[in-house]
Amino acid sequence: MLEIKCPYCGKRSQNEFSYGGDATVKRPTLGEEISTEDWDNFVYFRDNPRGKHTELWHHVSGCRQWFKASRDTATHEIFDTCKMNEAFNE
Amino acid sequence: MSNAYRTKNSTGLINKNKKINFSFNGHTYHGYEGDTLASALISNGIHLIGRSFKYHRPRGFLGVGVEEPNAMVQLHEGNKSEPNIMATEVELVEGLKAKSQNCWPSVQFDIGEVNNLLNRFFPAGFYYKTFMWPKSFWMKIYEPFIRKAAGMGVAPLQPDPDRYEHNYEHCDVLIVGSGPSGLASALAAAKNGARVILAEDKANFGGSLLTDEVTIGNMSGKEWANDTVAQLKSLPNVIMKKRSQVFGYYDHNMTVMIERVSDHQENPSKYTPRQRLHYIRAGEVIVSTGSIERPISFGNNDRPGILLASAAKEYMKVYETLVGKKPIIFTNNDTAYSTALEFLKNDIVPVILDTRNNSNGELVKEVKQKGINIRFNSGIADTKGHLKIKSAVIGELDKDKENFTSLESIDCDCICMSGGWTPTVHLSSQAGNKLKFNEEIDAFVPDKKRQRESAVGAANGSFTLNQSLAEGFQVGFDLSNKFTDNNIETNTPNSKEPKYEKHERLWCMPLPQGKKPKRFIDFQNDVAVSDVELAIREGFRSIEHVKRYTTLGMAGDQGKTSNLNGLQYVSNIEKKIVPEVGHTTFRPPYTPVTIGAIVGREVGNHYLPTRKSPIHNWHEENNAVFVAAGLWQRPRYYPKESENMNDAVNREAANVRKNVGICDVTTLGKIDIKGPDAPEFLNRVYTNAWLKLPVGKARYGVMLREDGMVFDDGTTSRLSENHFHMTTTTAQAANVLSHLEYYLQVVWPELDVNVLSTTEQWSGIAVAGPKSRELLSKLFPNIDLSNEGLPFMGLVDTNIDGIFTRIYRISFSGELAYEVNVESNFGLHMWKKIMDEGKAFNIEPYGTEALSTLRIEMGHVAGAELDGRAVPFDVGLNGMVSKKKDFIGKRSLSKEAFTSEDRQTIVGLVPLDKRTKIPEGSHIVENDKVASPVPKLGHVSSSCWSVEYNNPFSIAIIKDGKNKIGKNLFAVSPLKDISIPVEVVSSHYVDPDGERVRS
Ligand SMILES: [Zn+2]
């Protein structure tokens, strides 16, 4: 079980969190004209990198805040976590 | 003679003043307090414990602790019965009952032993080769045969009566193993102020210090251990755990430890758990797990009475038990000589065979000085003795040690073998440590760490006491300094120990000429040298493949005594060095763990938390039958007298249509939404328009996922300009809240909106039926509940008995209906008030089944239709989709696949005979007579008995549904083997124009 540092609450065990996927995906702006291909890329397609991955976590059994984590998908090492409006300290 | 095999001196750790009676295979014996089941049996001269896994060969003890591969027993009886328990790990307790397993009819005479005679038919990969075909034989013939033949113990069929607990711990430094290096690191870390947990698997702290003749400072090793343990116990920052095995090392320094809390107690108190599972998140882990002795492979090296030399020594020194009185010591190194010396202390002169040409180690010299003849350059070729070792065929080896030059037979009653030592690297390996091969000791040791884990002492390949203590004190201090600023360093005491000479690289004896006795490597999995040879001959090269093909080092044992000998043998055949062969992965658990401990207290009703509405007790008192809705317990129906479910549901639903019914809807998800951007937010979340919803009005809303599928629906009302009250389905309440938080926090942080779950703050009571207005008007005479005063989708705040009450005019049943909301604490009070007032109107409570009936008849969609595969068009919600604005998932709706005319869409179904109920999940086909595969048009999502028309009615999702209305099709259920002719009708079966809700 991973230990994840919520930027609001501090270190907690993984079972308090839920995973939210790639944090670098940007939702298209509402009302914007968008090709089917671009829309499908947003809805369905994600990279599956081995190594460093910037991802979202939700402290669902805690403060209920979404935040970002930089994690190695191969080793599970978490390099840093930060609030949505912050950048990693790396 | 009972206890005939005890040592002369009572310097061990058993208490001869306390006799303990136990039984093994139906015979009664006794041992003493401090004995294990193993030591007690051996002291009674019993070595035959069970039969081996594959060949059913008689087997006895190989080891003295967790390394034991053979001596597994079935413990206790009835519901406490437990299979596959290592007898070496069981502390003797009064009345203990144990029996052999994997044998029939008895351990002495076992029918399965025929496997041993047929062993040429049981080579490596036997199961893979033999049970390949025909496929149809698997379930009926092969599988039961394999299960019976390869079965180990028997799992009890009754529920486990014992109590298990889970505990969560955090510490700065966790130390696994309390030998010299473990005690040293614990002392250093604890004295420096770190929070320390020290875990020891055995019943006594001290590890090798309990058996080795060494001096630390001015104390014996054992005294120093006792002294150090006393110091540690006196420190407030130390938790000491005996009988506790750290068996798993997971990510981010999460380790799991099993503590045997009361297994060794005769009468544990009622609330003492049997075992406790500790999840320990450690800042740093020190692996001081020591080492395990390696066996040597020689002909028939698995007979009862053949065991590890270190085990023999520990039986003598700790358990005051003699493994035999006519021993042979067989070794390739110096350490086994301490076992020889221990026998000599008991006036027993062992025969000593040493594969080496000579040794001048201090222990060897001591033995020589006592005038004992050591047969150097010698080994064992074969052994005899069916149920217990009787003699050994021994001989001198040739120059290359590949053949015996001469052989002779000598009598013996035990053989104590030593092939050197293997560091116990399992935990380090589990932690992701890349091991490296240390040629000095011919074993793998931890190297590149991936986690915060450090091996010290023998586990690190440091086999001398000097090194172990130095590493322990240093690492304990260094690591504790990460957590404290004290900088208090403890000095390493001086120590004295015998000097050892190097072992010989020889772990497999040549075969005696003209004979092919089995030379076992892995005792637990019955893997012999010949199996490894065969695997390689058949082309298995990767060590991982050899492992799986032969089963070497697998299962509960995890190769504790077999792993390195297996690798060594593969490397000999392949003519490669061991590190080139590589090693297999060690997996948790290090030792077998009871399922009960893993499950802990989360059994039965405690498997998941239960949520109850504040009105729950009333439902119970009124004969409700409950159904689980997620974690919630909801009344399903309220049977009267002899009613069955169908009768009750039909009565309840019909009463709503005719009079008035009351339903507890507290479980619906409720979310409070506040903020200046709340209307804009709802406008983006829902498919329909929200900006112009007037204050005091509710609106039905549908929300989608980004892929266009309907996610949830519900009614949301505007309480004030910037304040909304959202309701969700019971099932999706938590997901909807996370969804809203995601969009507010991640996607549109610029929106000034807050959301908060208020599900548990409000109790909701639905009052539905043509008489609902009359009823509520009597209860709330001060408010205007007329159609004009409170129209459909209106809401009004009021007060009764000083209780704030909010009444919504919304309907799920399709009838004129209201939903009365009060603070949860007043839910029961309000419910009773409505029930009392309702008597005059024939009010009856209705449960989830009647609720379903009512909504199905009306064609209202619910979870069965909104199953994550439906876009709004499919389920008749296209009218809810705004053409003007953008919202979550809208772009997906214009994709080609989601606009196709022949998508499966919602319809109603009525059986032609108006009697046969259509099972949910049935397939809809055009013709049920054609040969399969029959083209499928869709499926039945919900079924009910229509109380309005008194015949069955179902909702189905079928291809091009709109154009199928009026057609006759078939609903087939292959599971129930029925085919029902049905007519397709509108899904709005009752009141299609929705007049009643607006009346
Ligand atoms: Zn948090």
Side-chain angles (χ1 to χ4, degrees), chain A residues 1-5 7-8 10-45 55-69 71-78 83-86, chain B residues 168 170 248-256 279-283 431-432 434 449-452 680-681 683-685 704-709 734-735 737-751 754-757 884-898:
Chain A
M1 189 165 11
L2 307 188
E3 187 177 51
I4 301 168
K5 187 180 163 200
Y8 300 88
K11 286 179 179 176
R12 296 290 190 275
S13 265
Q14 185 188 343
N15 52 357
E16 292 188 14
F17 298 88
S18 63
Y19 179 65
D22 188 344
T24 62
V25 173
K26 265 197 84 69
R27 192 197 188 282
T29 314
L30 280 175
E32 165 190 40
E33 282 281 321
I34 180 168
S35 70
T36 302
E37 193 185 340
D38 286 349
W39 179 255
D40 285 349
N41 275 333
F42 157 66
V43 175
Y44 298 106
F45 293 102
E55 56 201 20
L56 292 170
W57 286 84
H58 189 200
H59 196 182
V60 72
S61 298
C63 64
R64 298 209 57 99
Q65 294 299 304
W66 288 87
F67 61 91
K68 289 186 283 187
R71 182 181 65 101
D72 190 310
T73 57
T75 64
H76 287 313
E77 185 182 352
I78 296 178
K83 296 176 182 175
M84 285 311 303
N85 59 359
E86 291 176 348
Chain B
Y168 295 82
H170 293 259
Y249 198 131
Y250 302 90
D251 288 305
H252 294 186
N253 266 31
M254 167 63 86
T255 60
V256 187
Y279 292 88
I280 305 171
R281 183 81 73 181
K434 279 251 177 284
K449 59 182 82 171
R450 212 190 75 198
Q451 298 206 43
R452 296 188 303 278
E680 170 62 23
F681 180 53
N683 216 39
R684 296 180 185 189
V685 165
L704 309 184
R705 308 187 308 219
E706 293 287 15
D707 66 1
M709 301 298 155
N735 296 338
L737 184 66
S738 289
H739 177 80
L740 299 183
E741 286 167 338
Y742 171 81
Y743 281 94
L744 285 173
Q745 296 171 26
V746 178
V747 183
W748 302 310
E750 68 278 9
L751 292 184
N754 275 297
V755 292
L756 186 71
S757 167
K884 290 185 195 134
K885 57 149 196 172
D886 198 1
F887 52 84
I888 293 169
K890 183 176 190 183
R891 178 62 183 81
S892 289
L893 297 181
S894 56
K895 290 182 53 158
E896 199 181 326
F898 296 160

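Just so it is clear, the values below take in all heavy atoms, side chains as well, and ignore hydrogens, waters and symmetry mates. A note on names: the letters A, B, ... follow the listed sequences, proteins ahead of strands, and every chain is numbered from 1.
Counting heavy atoms from C-beta outward, A:Met84 and B:Pro749 have side chains that stay 4.5 Å or more apart.
Scanning residues 16-24 of chain A against chain B with a 4.5 Å heavy-atom cutoff picks out nothing at all. Using non-hydrogen atoms only and a strict 4.5 Å limit, the part of residues 35-43 of chain A facing chain B consists of A:Ser35, A:Thr36, A:Trp39, A:Asp40, A:Phe42, A:Val43.
Only the side chain of B:Arg450 comes within less than 4.5 Å of a heavy atom of chain A; its backbone N, CA, C and O stay farther away. Contacts between A:Met1 and chain B at a heavy-atom distance below 4.5 Å involve backbone atoms as well as side-chain atoms. For B:Val746, the parts lying under 4.5 angstrom from a heavy atom of chain A are both the backbone and the side chain. In this structure, the portion of A:Glu77 lying under 4.5 Å from any heavy atom of chain B is its backbone and not its side chain. Looking at B:Leu737, both its backbone and its side chain come within 4.5 Å of chain A, counting heavy atoms on both sides. Contacts between A:His76 and chain B at a heavy-atom distance below 4.5 Å involve backbone atoms as well as side-chain atoms. Heavy-atom distances place no part of B:Tyr168 under 4.5 Å from chain A, backbone and side chain included. Heavy atoms of B:Tyr742 lying under 4.5 Å from chain A belong to its backbone as well as its side chain. Of the two parts of B:Ser892, the backbone and the side chain both hold a non-hydrogen atom closer than 4.5 Å to a non-hydrogen atom of chain A.
For B:Arg705, the side-chain contact (heavy atoms from CB on, under 4.5 Å) criterion is met by B:Asp707, B:Met709, B:Phe711, not counting sequence neighbours. A:Arg27 meets the salt bridge (charged side-chain N to carboxylate O under 4.0 Å, His left out) test with B:Glu706; sequence neighbours excluded.
Around the NZ atom of A:Lys5, the shell of radius 6.0 Å holds no more than 12 heavy atoms that belong to other residues, nucleotides or ligands. By the 6.0 Å contact criterion, CD on B:Glu750 is enclosed, its count of non-hydrogen atoms from other residues, nucleotides or ligands being greater than 12.
Rounding to the nearest 0.5 angstrom, the gap separating the NZ atom in A:Lys11 from the NE2 atom in B:His252 is 10.0 Å. Summarising the geometry, atom OG1 belonging to A:Thr75 is positioned 8.5 Å from atom CG belonging to B:Asp251; distances are rounded to the nearest 0.5 Å. Annotation: the span from B:Phe887 atom CZ to A:Leu30 atom CG amounts to 10.5 Å, rounded to 0.5 Å.
Among B:Lys895, B:Arg684, B:Arg281, the residue with the largest count of heavy-atom pairs under 4.5 Å with chain A is B:Arg281. Heavy-atom pairs under 4.5 Å with chain A peak, among B:Asp886, B:Val256, B:Leu744, at B:Asp886. For chain B, the option among A:Asn85, A:Ile78, A:Ile4 with the highest count of heavy-atom pairs below 4.5 Å is A:Ile78.
The minimum heavy-atom distance linking B:Ala734 with A:Arg64 is given by the pair O-NH2, 4.3 Å.
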